[in-house]
Protein chains: 2
Amino acid sequence: MPWKDGTGPPWLQGKFKGCGYRLTVPRQAILDVLNSTTEHLSAEDTYLKVHKVHPAIGLTTVYRTLELLVQTGMVFKFDFGDGRARYELSEGPKGIGHHHHLVCTGCGRIIDYTDFIDEEVELLKRTEKGLSKKYNFKITNHMIQFHGLCEKCQ
Amino acid sequence: MPWKDGTGPPWLQGKFKGCGYRLTVPRQAILDVLNSTTEHLSAEDTYLKVHKVHPAIGLTTVYRTLELLVQTGMVFKFDFGDGRARYELSEGPKGIGHHHHLVCTGCGRIIDYTDFIDEEVELLKRTEKGLSKKYNFKITNHMIQFHGLCEKCQ
DNA sequence: TTAATAATGATAATCATTATCAATAAGAAA
DNA sequence: TTTCTTATTGATAATGATTATCATTATTAA
Ligand SMILES: [Mn+2]
Ligand SMILES: [Mn+2]
Ligand SMILES: [Zn+2]
Ligand SMILES: [Zn+2]
């Protein structure tokens, strides 16, 4: 979402302040959890992990913070079809970079992949440019998922 | 989902029977509604439209039927971020063919697009082949969304 | 400090989706 | 047809993820 001071899209930490938000203990803790996992955590997953270190932090705050992180572009929110939203740091030191997902419709397993990204990126750029022009749409992000059956499930 | 008699992936109508399911009045009515709109209907949207012609058909049946249609591949289920699932005939006489979506994060507007699909299709094929091999994943479908701000919202 | 305001967390409320289960409808058998 | 067997339906209640409230607490600026 819009950065209140007009700065670019920063990542993590003090970047919060660039939007006029406070980087509080709960927010820091939630960022830490997201930054130290490769899983696709639900709000409750996140809450449980945060809870181990900071038992006082509530589920409501986790929901609120995740939403804030999504709005500021620091976190991506996904729906993999299991009835709860899943969150993932959009970028970070320990995190995997930009990637797409394979979703097993059998067991729900998610595979991050970055293969073929080069070709994809090139095409996506062209596509985004064309779409932006034709539909006068300001594209800020894209989402690609492949659905199918994983090794075990097929 | 799997076709009980081993036939290919058919569309609409009597195709139901190929799976051992009955093409009942409610199911027919729901298919008719989906087949006569270009909107991305939620379960309740669908119910309301069905209700005008068949007031006896209940919301539960709409949910069940939509899920069945999704499982049999006749309908795609989407999450555009507004808290309810959206459904669209995967293919049909009056429907638009395979396409992807532009999602406005401002007002929720959805734009179907088929532009650049040729290039996309080619790349997707290659990508799917590569991913299938590398991860031993049987890919059955893909989902692409571009998120951003529409004309009005930017 | 103190004042002004942003953030938090316990709780209750929403609301889309599912589970139940008795009543019906549809297809097969007689 | 008539009967039998089973799939389907719909009213209702239950579930469960997410949000709204609101009094309390933490943070920042004066
Ligand atoms: Mn991922
Ligand atoms: Mn569409
Ligand atoms: Zn699987
Ligand atoms: Zn818009």
Side-chain angles (χ1 to χ4, degrees), chain A residues 1 3-5 13-31 33 40-72 74-75 77-87 108, chain B residues 1 4-5 13-31 33 40-48 50-72 74-75 77-87 108:
Chain A
M1 266 304 201
W3 300 87
K4 292 182 181 172
D5 64 358
Q13 312 286 338
K15 320 308 170 55
F16 246 107
K17 297 170 185 172
C19 287
Y21 298 117
R22 296 172 183 171
L23 183 51
T24 61
V25 171
R27 288 171 177 174
Q28 182 63 255
I30 291 165
L31 275 173
V33 164
H40 303 90
L41 301 178
S42 67
E44 192 176 8
D45 290 340
T46 308
Y47 166 73
L48 291 174
K49 285 182 183 290
V50 166
H51 188 77
K52 288 181 184 169
V53 184
H54 302 271
I57 296 176
L59 179 56
T60 302
T61 297
V62 173
Y63 269 104
R64 259 189 309 237
T65 301
L66 287 172
E67 194 52 37
L68 184 63
L69 291 168
V70 169
Q71 299 309 50
T72 55
M74 298 168 75
V75 162
K77 183 179 186 177
F78 293 101
D79 169 36
F80 294 131
D82 66 342
R84 70 200 62 192
R86 302 263 164 194
Y87 302 85
Chain B
M1 267 301 202
K4 292 184 181 172
D5 64 1
Q13 311 286 337
K15 318 310 169 51
F16 247 108
K17 297 171 184 171
C19 288
Y21 298 117
R22 295 172 184 172
L23 184 50
T24 61
V25 170
R27 287 172 177 173
Q28 181 64 255
I30 291 166
L31 275 173
V33 164
H40 303 91
L41 302 178
S42 67
E44 192 176 10
D45 291 340
T46 308
Y47 166 74
L48 291 173
V50 166
H51 188 77
K52 288 181 184 169
V53 184
H54 303 270
I57 295 176
L59 179 57
T60 301
T61 297
V62 172
Y63 268 105
R64 257 189 310 235
T65 301
L66 287 172
E67 194 53 35
L68 184 63
L69 290 168
V70 169
Q71 299 310 50
T72 55
M74 299 168 75
V75 164
K77 183 179 186 177
F78 293 102
D79 169 36
F80 294 131
D82 66 342
R84 71 200 62 193
R86 302 264 164 194
Y87 302 85

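Quick note on labels: first sequence line is chain A, next is B, and so on, each numbered from 1. It should be emphasised that the depicted structure is a prediction, and the values quoted were computed from it without experimental measurement.
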Non-neighbouring partners of A:E67 that pass salt bridge (Lys or Arg N to Asp or Glu O under 4.0 Å), sequence neighbours left out: A:K77
Ignoring hydrogens and angles, tell me if any N or O in the side chain of B:T61 forms a donor-acceptor pair with the backbone of B:I57 under 3.5 Å. no
Between the side chain of B:T65 and the main-chain N/O of B:V62, is any donor-acceptor distance below 3.5 Å? no
Among residues at least two apart in sequence or on other chains, which ones pass side chain to side chain contact (heavy atoms under 4.5 Å, CB included) with A:K49? A:V33, A:E39, A:L41
List in chain and number order the residues that pass side chain to side chain contact (heavy atoms under 4.5 Å, CB included) with B:F80, two or more places apart in sequence or in another chain; answer none if no residue qualifies. B:H40, B:F78, B:R86, B:H101, B:V103, B:I110, B:Q145
Rounded to whole Å, please give me the gap between [atom1] in [X] and [atom2] in [N].
| X | N | atom1 | atom2 | value |
| --- | --- | --- | --- | --- |
| A:L41 | D:dA17 | CG | C1' | 16 Å |
| B:R64 | D:dT8 | CZ | P | 10 Å |
| A:L68 | C:dA6 | CG | P | 13 Å |
| B:Y21 | D:dT8 | OH | C1' | 12 Å |

If a pair satisfies salt bridge (Lys or Arg N to Asp or Glu O under 4.0 Å) and one of its residues is in residues 18-29 of chain B, list it, with sequence neighbours excluded. none
Sequence-distant partners of B:H54, ring-ring contact (aromatic ring centres under 6.0 Å, His included), two or more places apart: none
Could you give the angle between the helix axes at the two ends of the helix from C:dT1-D:dA30 to C:dA30-D:dT1, with five pairs per end, rounded to 10 degrees? 40°
Taking N or O atoms only and anything under 3.5 Å, show me the protein contacts with nucleotides 26-30 of chain D, one pair per line.
unit_1, atom_1, unit_2, atom_2, d
D:dT27, O2, A:R22, NH1, 3.4
D:dT27, O2, A:R22, NH2, 3.4

Restricting to nitrogen or oxygen on both sides, can you table the protein-nucleotides 13-18 of chain C pairs closer than 3.5 Å?
unit_1, atom_1, unit_2, atom_2, d
C:dA16, OP1, B:R84, NH2, 3.0
C:dT17, OP1, B:A85, N, 2.8
C:dT17, OP2, B:Y63, OH, 2.6

Would you say a side-chain N or O of A:R27 is under 4.0 Å from OP1 or OP2 of C:dA7? yes
Please name the pair of heavy atoms, one in B:Y21 and one in B:T72, separated by the smallest distance, quoted to 0.1 Å. CE1-CG2, 4.0 Å
With B:S42 via side chain to side chain donor-acceptor pair (under 3.5 Å) - residues at least two apart: B:D45
Could you measure the distance from the OG1 atom of A:T24 to the CD atom of A:Q28? Nearest 0.5 Å is fine. 8.5 Å
Please lay out, stage by stage, how B:L68 and B:M74 fare under the test side-chain contact (heavy atoms from CB on, under 4.5 Å). CA-CA 9 Å; B:L68 184 63; B:M74 299 168 75; over 6 Å; no
